[in-house]
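Data block below; observations after.
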Amino acid sequence: YFGSTDPASPFVYPAGVFKSLAQWQALGFDASSSIIDPQFIDTNSFILQASSPCRNVGVIIAGINDGAGSSSRYYGSAPDIGAVEYIQIP
């Protein structure tokens with residue numbers, strides 16, 4: 001999550017200084033990336049809100065998050081993007 005949308009706050013990479021994701025993507029990097037607010041409950045836990053655009057849009061990877069093991073289970077139609085899978089508690 002790159003939180004700055006301020007063009008005065010570029011990020012630097014050995015290939016140059018980039019003021020936008022579009023500039024970075026023009027070099028062929030991170031074509032599927034986007035800048036969105038993940039809507040965390042708070043930034044200390046990285047738990048997603050129910051309305052987060054990061055829910056159920058991740059990619060299923062066999063043997064990693066396909067639900068085959070008890071620790072690799074996801075909830076919903078697809079894994080969430082990020083470190084913590086959203087779980088709605090009734």
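Here the structure is a predicted model, which means the values were calculated and not measured. For this chain, numbers begin at 1 and follow the sequence in order.
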Reported CG-to-CD1 distance for the pair N44 and I41, which is rounded to 0.5 angstrom: 12.0 Å
Short side-chain to backbone donor-acceptor contact, S52 and Q39, under 3.5 Å: no
Beyond-backbone contact of N56 with D80, side-chain heavy atoms, under 4.5 angstrom: yes
Shared hydrophobic cluster for I35 and L27 (ILVMFWY, side-chain gaps under 4.5 Å): yes
Plane angle bin for F29 and W24 - parallel if under 30°, tilted between 30 and 60°, otherwise perpendicular: parallel
Side chain to side chain, L48 and F40, heavy atoms closer than 4.5 Å: yes
Gap between atom CG of D66 and atom CD1 of I61 - 0.5 Å precision: 9.5 Å
Any donor-acceptor pair under 3.5 Å from S34 side chain to I36 backbone: no
Donor-acceptor contact present, side-chain E85 to main-chain Y74, <3.5 Å: no
Sidechain-backbone polar pair: R55 side chain, Y86 backbone, donor-acceptor under 3.5 Å: no
Closest approach of P38 to P53 (non-hydrogen atoms, all atoms of both residues): O-CD, 4.2 Å
Note, I60 side chain near P79 side chain (heavy atom, < 4.5 Å): yes
